[in-house]
K.L.:
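Pasting a structure below so you can have a look.
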Amino acid sequence: MRWSQAFIPTLKEVPSDAEIVSHQLLLRAGLIRKLAGGLYTFLPMGVRVLRKVEAIVREEMNRAGAQEVLMPALQPPEIWQASGRYETARDVLFKLKDSAQREWVLSPTAEEVITTLAAAELNSYRQMPVNFYQISVKFRDEIRPRFGLMRAKEFYMKDAYSFDATDEGAMASYRRMFDAYGRIFARCGLQAFPVEADTGVIGGNHSHEFMVPADTGENDVVYCETSGYAANIEKAASRGPEVPTPKDRTGEAPETFATPGVVTIDSLAAAPYSVPAHGQIKTLVYIVDSKPVLILLRGDDLLNEAKLMARTGATHARPATPEECVQTLGARPGSLGAVARIPQDVPVYADEQLRGARGMTTGANEDGFHLRHVEIERDIRVSHWVDLRTVRAGEADIATGQPLKIRRAIEVGHVFKLGTKYSEKLNATFLGETGQRHPCVMGCYGIGVTRTLQAIIEQCHDKDGIVWPTSVAPFEVCLTPLTVTPGSAPRELADRLYADLTAAGIEVILDDRDERPGVKFKDSELVGFPLRLNLGEKSLAKGEVELKPRGRNVEMVPIAEAAARAIAWVQAERARLNPAKA
RNA sequence: CGGGACGUAGCUCAGCCCGGUAGAGCACUUGCUUUGGGAGCAAGACGUCGCAGGUUCAAAUCCUGUCGUCCCGACCA
């Protein structure tokens with residue numbers, strides 16, 4: 001490719017609506033342009049990278065035994081109603097009507113379609129295990145698209161679905177995908193690591209997310225360097241808070257005391273009350289699938305909504321409004337408690353940290369009053385003891401007792417053992433060896449291809465621009481003659497090297513633009529080609545060309561060796577990023 | 001959905017408070033010079049000031065509405 005013929009609209013200045021560096025570089029390097037919020041056009045360089053990431057995903061999926069299919073993005077709502085997700089996923093589902101007023105949904109994932117296919121086509125245990133995948137455009141009605149490709153309304157995703165006759169088989173399928181994911185991200189030059197993930201309403205503990213550490217990520221990962229434990233904060237557990245919960249028996253009965261104007265944990269912890277936060281019971285009213293529930297936490301703990309959803313099996317949960325609190329408990333937020341006046345039909349979920357708690361202080365369910373000397377198991381009707389709190393950095397790892405750390409990360413992949421949720425609802429059953437009919441045991445496995453692309457930039461860049469891993473770079477080598485006049489030595493050599501490298505199977509872009517050297521250097525570094533060959537009059541006169549790997553120092557090599565050295569460099573990088581092939 | 005900010009040339013922005021008919025830098029076109037880190041000089045082209053109403057002799061500027069974009073929040077009672 002000749003740069004003069006290529007469409008690579010680089011930007012010197014930072015577009016005002018790009019906040020994070022990877023988004024800025026996507027725009028500045030001429031990979032994408034925005035059409036509207038959360039919708040982007042991929043320009044030629046962007047497409048080249050996208051296709052490379054996609055190819056890596058495809059190769060590894062095929063290697064893992066998955067078979068590629070392609071499903072419609074436009075889907076009938078009936079199958080979504082059948083799975084129940086028409087309701088549970090309503091917030092992210094795009095819906096539309098055709099000219100006959102028939103409704104359709106735009107697919108965010110394809111469990112319903114693939115399970116419908118399986119219901120029709122998979123009839124015998126002999127047909128399993130089988131794993132179908134596709135790489136296609138997905139749609140999500142994001143309430144707030146942001147960060148360019150990170151959270152978009154339309155994006156590229158690889159989604160795979162495994163079908164097994166047995167639970168053990170499903171675990172083997174899961175493992176194969178888990179391993180394939182490790183290879184995929186490694187080949188993309190990306191440092192991504194698996195963390196235990198929340199399994200939501202489906203339950204079980206076989207779900208991992210693949211995370212790329214980045215301050216701009218939208219997930220918090222809890223991890224322990226000693227034990228290797230790593231989990232999404234939505235799922236993470238620890239040995240508990242550093243300050244233990246008071247449990248000394250006092251024998252005193254609950255006592256009401258006036259706390260005018262005190263409606264926060266902090267103000268009750270301050271003088272004149274001086275009740276430490278860990279000696280308080282925080283009472284929350286949540287509306288879970290339209291019904292009120294009470295949630296009890298230690299005063300210094302934070303509710304983990306994902307855990308709440310998982311423990312209650314709910315699909316929607318939100319804090320109750322002050323009016324709903326009054327309706328449920330007769331008091332406003334700030335004075336809520338679970339000791340008295342709790343309607344029988346309102347379940348009380350108490351966090352495990354409160355088990356055995358004594359001498360606690362909590363709201364009296366009367367505005368302006370609190371209760372002290374509360375013993376939770378004596379005074380409160382707890383219907384469920386569950387883990388609901390959010391782990392904090394510094395708490396002890398369950399395995400080793402070492403302090404846990406927390407960092408932000410970008411989720412680029414997710415593997416999930418689904419079980420029979422979809423196969424039961426959509427009737428994907430098969431006949432087993434004994435002639436019995438069983439639902440298929442499923443797994444689903446996603447990789448955000450466009451998000452992965454941006455995560456690579458987020459991880460691989462410097463002050464000058466993108467530093468592409470060779471495996472996903474739009475071109476592997478950028479030939480940069482500093483003089484482009486036909487017949488000049490740099491131009492002649494560039495043309496010759498272009499032919500040699502191309503013949504060796506290297507992807508080369510020749511910067512034949514009649515631009516000043518500074519412009520060419522800046523552009524090639526912004527776009528991020530892994531290896532640049534500078535061909536200047538001065539060094540050529542000395543019989544040398546410059547080999548400039550992106551982000552590393554220049555090396556002078558004799559003209560006669562230039563092609564061989566460049567080829568060797570690229571091949572070494574390819575091998576480093578794909579050891580299996582080397 | 002709540003809050004905040006911003007919409008002026010392809011891009012980054014000024015002008016708005018205090019109304020008088022639109023500017024800078026970069027990019028683009030042409031010419032000359034320059035040629036190892038986003039060149040210099042000269043000339044040129046580029047705008048329904050997001051859109052719709054309103055106030056006014058006069059609106060980018062003031063008022064109302066609307067659309068769009070970005071940020072924060074949507075657990076901490």
Side-chain angles (χ1 to χ4, degrees), chain A residues 9-20 23-24 27-28 30 33-39 91 143-148 151 216 233-234 259 261-269 277 280-288 294-309 317-326 328-329 331-338 351 362-363 365 367 370 388-390 392 463-465 480-485 488 490 513-527 532 534-541 545-546 548 554:
Chain A
T10 56
L11 302 174
K12 207 183 290 187
E13 296 186 80
V14 179
S16 62
D17 56 2
E19 187 74 7
I20 67 174
H23 185 195
Q24 293 168 354
L27 293 162
R28 289 190 56 212
R33 284 294 183 266
K34 183 171 75 177
L35 174 65
L39 299 172
D91 294 342
I143 53 172
R144 187 177 159 204
R146 63 182 131 179
F147 301 152
R151 184 166 291 280
T216 52
I233 197 155
E234 295 182 343
T259 50
V262 172
V263 292
T264 62
I265 300 288
D266 285 347
S267 53
L268 196 56
Q280 300 184 38
I281 299 173
K282 179 192 288 187
T283 307
L284 307 176
V285 180
Y286 256 69
I287 305 297
V288 173
L294 254 55
I295 294 154
L296 307 184
L297 292 160
R298 241 176 65 163
D300 55 343
D301 273 339
L302 306 180
L303 173 66
N304 187 325
E305 266 189 26
K307 289 184 178 177
L308 174 67
M309 306 274 279
R318 63 168 174 85
T321 62
E323 295 71 36
E324 287 167 328
C325 290
V326 172
T328 308
L329 295 178
R332 300 180 56 80
S335 305
L336 302 177
D351 184 76
T362 187
N365 266 349
D367 288 351
H370 279 77
L388 290 173
R389 66 187 294 275
T390 304
R392 289 177 195 270
K463 64 175 174 48
D464 296 313
T480 306
L482 301 184
T483 312
V484 293
T485 321
S488 67
R513 295 175 300 167
D514 186 13
E515 288 287 356
R516 302 164 65 82
V519 172
K520 295 187 172 197
F521 293 155
K522 289 288 184 191
D523 266 350
S524 76
E525 282 154 14
L526 177 58
V527 182
R532 189 174 69 214
N534 298 336
L535 315 175
E537 301 272 10
K538 287 180 211 160
S539 47
L540 290 192
V545 304
E546 292 171 13
K548 173 70 173 74
V554 170

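Chain A is the first sequence line, chain B the second, and so forth, proteins listed ahead of strands; every chain is numbered from 1.
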K.L.:
Test L284(A) against every option in L294(A), L303(A), L296(A) by the side chain to side chain contact (heavy atoms under 4.5 Å, CB included) rule and name the one that passes.
P.N.:
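The residue from L294(A), L303(A), L296(A) that satisfies side chain to side chain contact (heavy atoms under 4.5 Å, CB included) with L284(A) turns out to be L303(A).
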K.L.:
Encode nucleotides 41-46 of chain B as B, S and - characters from 5' to 3', where the letter depends on protein heavy atoms closer than 4.0 Å: B to the base, S only to sugar-phosphate, - to neither.
P.N.:
------
K.L.:
U55(B) and C62(B): how far apart are their C1' atoms, nearest whole angstrom?
P.N.:
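Roughly 8 Å separates the two C1' atoms.
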K.L.:
With both distances kept under 3.5 Å, what pairs with A39(B), Watson-Crick or G-U wobble?
P.N.:
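When the pairing criteria are applied, U33(B) turns out to be the nucleotide that pairs with A39(B).
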K.L.:
Given that both distances must come in under 3.5 Å, which nucleotide forms a Watson-Crick or G-U wobble pair with C28(B)?
P.N.:
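Matched C28(B) with G44(B) under the 3.5 Å cut-off.
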K.L.:
Going by modelled atom types, is there a donor-acceptor pair between the base of G36(B) and the side chain of E537(A) at under 3.5 Å?
P.N.:
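No, the side chain and the base share no sub-3.5 Å donor-acceptor pair.
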K.L.:
Is there a Watson-Crick or G-U wobble partner for U64(B) with both distances under 3.5 Å, and if so, which one is it?
P.N.:
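Across any shown strand, U64(B) pairs with A52(B).
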K.L.:
Using a distance-only criterion (donor-acceptor N/O pair, under 3.5 Å, no hydrogens), is the base of G37(B) paired with the side chain of E525(A)?
P.N.:
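When only heavy-atom distances are counted, E525(A) does reach the base of G37(B) through a donor-acceptor pair under 3.5 Å.
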K.L.:
Rounded to whole Å, please give me the gap between CG in D514(A) and P in U33(B).
P.N.:
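Nearest whole value for this atom pair: 14 Å.
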K.L.:
For R516(A) and G40(B), is the shortest distance between a side-chain N/O and OP1 or OP2 below 4.0 Å?
P.N.:
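Answer no for this pair, as no side-chain N or O of R516(A) is under 4.0 Å from OP1 or OP2.
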K.L.:
Tell me: CG of L482(A) to P of G38(B), nearest whole Å?
P.N.:
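Roughly 13 Å, once rounded to whole Å.
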K.L.:
Look at the side chain of R532(A) and decide which nucleotide, out of G73(B), G37(B), C26(B), has an atom nearest to it.
P.N.:
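Closest of the options to the side chain of R532(A): G37(B).
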K.L.:
Taking the same atom, C1', in C13(B) and in C6(B), what whole-Å distance lies between them?
P.N.:
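Here C13(B) and C6(B) have their C1' atoms 12 Å from each other.
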K.L.:
Roughly how many Å is it from NZ in K520(A) to P in G37(B), rounded to a whole number?
P.N.:
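My rounded result for the distance is 14 Å.
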K.L.:
Would one find a side-chain N or O of K12(A) under 4.0 angstrom from OP1 or OP2 of A27(B)?
P.N.:
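K12(A) to A27(B) OP1/OP2: side-chain N or O found under 4.0 Å.
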K.L.:
With side chains defined as the heavy atoms from C-beta onward, is the minimum distance between E546(A) and L482(A) less than 4.5 Å?
P.N.:
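No, side chains not in contact.
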K.L.:
On the nucleotide U69(B), are OP1 or OP2 found under 4.0 Å from the side-chain N or O atoms that R146(A) carries?
P.N.:
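For R146(A), the contact criterion (side-chain N or O under 4.0 Å from OP1 or OP2 of U69(B)) is not met.
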K.L.:
Just the rounded figure in Å: distance from C1' of C75(B) to CD1 of I265(A).
P.N.:
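Computing the I265(A):CD1 to C75(B):C1' distance gives 13 Å.
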K.L.:
Rounded to whole Å, please give me the gap between NZ in K463(A) and P in G38(B).
P.N.:
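It is 12 Å, rounded to the nearest whole Å.
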K.L.:
Can you tell which of C70(B), G36(B), G38(B) lies closest to the side chain of V519(A)?
P.N.:
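Within the option list, the nearest is G38(B).
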K.L.:
Any idea which of U69(B), C75(B), G36(B) is nearest the L303(A) side chain?
P.N.:
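My answer, after comparing the listed nucleotides, is C75(B).
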K.L.:
Could you check which of G38(B), C75(B), C70(B) has an atom nearest any side-chain atom of D17(A)?
P.N.:
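Nearest to the side chain of D17(A) among the choices is C70(B).
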K.L.:
Any strand counts, and the cut-off is 3.5 Å on both contacts for Watson-Crick or G-U wobble. Which nucleotide pairs with G20(B)?
P.N.:
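When the pairing criteria are applied, C57(B) turns out to be the nucleotide that pairs with G20(B).
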K.L.:
Between the base of G36(B) and the side chain of E546(A), is there any donor-acceptor pair under 3.5 Å?
P.N.:
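By the distance-only test, yes, there is a pair.
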K.L.:
With the side chain of L526(A) defined as its heavy atoms from C-beta on, choose the nearest nucleotide among C11(B), C72(B), G38(B).
P.N.:
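Looking only at side-chain atoms, L526(A) lies closest to G38(B).
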K.L.:
Does the structure show a Watson-Crick or G-U wobble partner for A5(B), both distances under 3.5 Å? Name it, or say none.
P.N.:
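Per the H-bond distance test, U69(B).
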K.L.:
Looking only at the side chain of P517(A) (C-beta and beyond, no hydrogens), which of the listed nucleotides G36(B), G25(B), G38(B) gets closest?
P.N.:
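Among the listed nucleotides, the one closest to the side chain of P517(A) is G36(B).
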K.L.:
For the side chain of K538(A), starting at C-beta, report the closest nucleotide among G36(B), C71(B), U12(B).
P.N.:
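Shortest atom-to-atom distance from the side chain points to G36(B).
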K.L.:
Which value, in whole Å, describes the distance between the C1' atoms of nucleotides C32(B) and A14(B)?
P.N.:
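About 32 Å, rounded to a whole number of Å.
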K.L.:
Rounded off to whole Å, could you give me the CG-to-C1' distance for the L540(A) and G36(B) pair?
P.N.:
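Between C1' of G36(B) and CG of L540(A): 12 Å.
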K.L.:
Measuring to OP1 and OP2 of U35(B), would you say a side-chain N or O of T483(A) lies under 4.0 angstrom away?
P.N.:
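It does not, given that no N or O in the side chain of T483(A) lies less than 4.0 Å from OP1 or OP2 of U35(B).
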K.L.:
Of the listed nucleotides (G38(B), U12(B), C75(B)), which one gets closest to any side-chain atom of S16(A)?
P.N.:
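Nearest listed nucleotide: U12(B).
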